[in-house]
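I have placed the structure first, in the form of structure tokens, so that the comments after it can refer back to it.
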Amino acid sequence: MASPLTVDERRRWLYTLKQAPALRHTRASVLLRLLERARPVEPQPGEGICREGEPVEGIYLLRSGEWRVMAGGTVLLHLRSGMSLGVEALARGTWPVTVTAGSASHALFLPRAELEAVAAVPRHAGAAGRVDVVTFRAQDGLELPPRVLSLLVELVAKVMVHDFGDRVLLVRPGPKRMEGAVRGADGVFRRTVGPRAALLPEGEDFDCVLVDGVPVPDGLTPREVWLLPPGGAVDGLGTPGAPVLPTVLLSPWRPQGSPTLCGRSLPDEDGWDEHAPPPGCRLRLDWERLVVRPGDSRPLAALGLDAGTRDALSRWARAITGRRVGLALSGGGVWGFYHVHLLRRLAALDVPVDFLSGASMGSLVGAYYCGTARDGREGLDGLRRLQHRARGGHLSAAALSSVVTTQAMEWLVRGDLGDLALEELPMGFLPVTTDLTTGRCVVLEKGPLALAVRASGSAPGVWAPTLQPPARYVDGAFTSMVPVDVLLNAGADLVFSSNIFPMGQHHATRPLLPGAVGLFLSALNPVARAKDLLASGVLLLHRNGDLESARGDLRYDVGTRDHPLLGSMRFTHVDEVLDEAARDMALEQKLLELKQAWESLRGRRNPSGGRRAA
């Protein structure tokens, strides 16, 4: 590819690909990965792109130049930069038009075979070159004995079989070469090989091959999982061209959080982030106390793993196999308790959450959920605590105090959740804020959890900003109301977006006097102008949220309400909002669709998702 895709191109063409009937229900992360593998083409003036009646070989995405579209010798239209060719024709199978390049141009070509493979991934890979091979390594500086690394590989193989029903082959070195694979009581297939031996037995298919301590033969491109210590560098990891999944190994007994906020600015519309690390995950467990030994073929349920270890391994397995679920939660004051209902329903439906991004009130809800969803707990205790704070007037008091300083909100969160840091959470919590010194949306990745919530919810003009010199942070909703792009960049495979800031119903007052004079005086009315300003601000935030949430796989929009801005500050009415959310059948339908999408994702085979992720 001549140059990386810009942010605007990624967004536009992600939406374009989703318009193809065969790709409509394909995960956004898979489509983004497909875009990065697109083949560049540079037709010269007069060169033919396709001919009427010929088979459709793929989709073209025009980056620059101009193409002429003709039918029966008549020019129908001209395609220009940012337009696509073949999305509609793909379903027909043949080109209905003839297209030639009108000028020197640059486009991306997505072959039909790859599009069909993405739309309907086969259960098993028949060719050895398409087998999903995963290797595991520990970074220098991580005090992890080889026995422990082998044990973690053993355990994650058991989890993949138990949670997803995958056919998993575990390959290890051994003095004797095994021609076939032996299936253990845990459902994992095992095989020992010698140096320079083939990894796969002849005539057998697997969904995933986990390689532990064996060199990968030439011709196979493995996905590399690297275990790192907290704060370990991800630059230079892996073999060039191989997808990498950095995994930070966290101990529940050794907290290591940054005392200051650290974040990464989202790239501009016409730019890209060349230095963005590959999406990673966190593995939070006490590996020093694991009593299971490598080679133990007992079923997963017979190992007696504690809830925290079990939860950590499930998160790791979803990251390795491309099955991670992300939620993007908008701001909206007390309307944010729609998110509380959403998270409770997902827990009841057994839909996991691996990433959560939020702005303003969405960050507050996310902090209470992610801050207590540790070591096997679901995070519902934190939601109950937040509901109690709202019902008792504590949120209203913190909001009122934030007119002077937003430190009141920080104290409230720290008092409930403790001195947690973003990088200590097993769930990827990614609140967004706006840095007025640069005008950019900043995704907060490290630092105190309470301070991150404070920075994400500092509504400008109403509440005081959060100062972290040289940054001046205000509410993240003004640059990313529903932070879907954050989840796509983090490697989420299934994204659900929730825009719960209502669009208001603006009722214009009648002029006090009839005729033109009455209209003139009504237009001068300062109170009416102030109401127009507030209504426009509400409409702007809601519409921006709609545009962002459309890039998710599934989305919910709360619709219109009377006086939404005034109602958003009535935190003591939390029970009314929760009751309204429980009665909202549109929300319930979307959650059931998310459940169905998760079951489809969970049961699929040979996954490959996430932006440059394993």
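None of these values were measured; they are calculated from a predicted model.
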T433 versus L261: any side-chain heavy-atom pair under 4.5 Å? no
Rounded distance [0.5 Å steps], CD in E52 versus OG1 in T98: 5.0 Å
For the pair S103 (side chain) and E66 (backbone), establish whether a donor and an acceptor sit closer than 3.5 Å, ignoring hydrogens and angles. yes
Salt bridge (charged side-chain N to carboxylate O under 4.0 Å, His left out) partner of R323, chosen from D166, D354, D493, D207: D166
L329 backbone acceptor or donor facing S498 side chain under 3.5 Å: no
Chi angles and distances behind the salt bridge (charged side-chain N to carboxylate O under 4.0 Å, His left out) call for E9, R12: CA-CA 5 Å; E9 286 177 321; R12 181 190 305 122; 5.4 Å; no
Output yes when R602 and E599 qualify as a salt bridge under the 4.0 Å nitrogen-oxygen rule, no when they do not. yes
Close side-chain approach of L210 and M160, heavy atoms under 4.5 Å: yes
Can D163 and S314 be said to form a side chain to side chain donor-acceptor pair (under 3.5 Å), step by step? CA-CA 8 Å; D163 289 1; S314 292; 3.0 Å; yes
Check for a donor-acceptor pair, side chain of T437 on one end and backbone N or O of A471 on the other, with a separation under 3.5 Å. no
With the threshold set at 4.0 Å, does a side-chain nitrogen-carboxylate oxygen contact exist between R112 and E57? no
Using atom types as modelled and distance alone, determine if a side-chain donor or acceptor of R440 lies under 3.5 Å from a backbone N or O of L266. yes
Side chain to side chain donor-acceptor pair (under 3.5 Å) partners for S497, two or more places apart: none
Hey, does the side chain of Q468 reach the backbone of Y473 with a donor-acceptor pair shorter than 3.5 angstrom? no
Across all chains, not counting sequence neighbours, the ring-ring contact (aromatic ring centres under 6.0 Å, His included) partners of W67 are Y60
Does the ring of F206 carry R167 above it, NZ/CZ under 6.0 angstrom from centre and within 45° of its axis? yes
For the pair Y338 and L587, evaluate side chain to side chain contact (heavy atoms under 4.5 Å, CB included) and give the outcome as yes or no after the intermediate values. CA-CA 9 Å; Y338 262 75; L587 175 58; 3.9 Å; yes
With M481, the side chain to side chain contact (heavy atoms under 4.5 Å, CB included) member among S330, S360, S549: S330
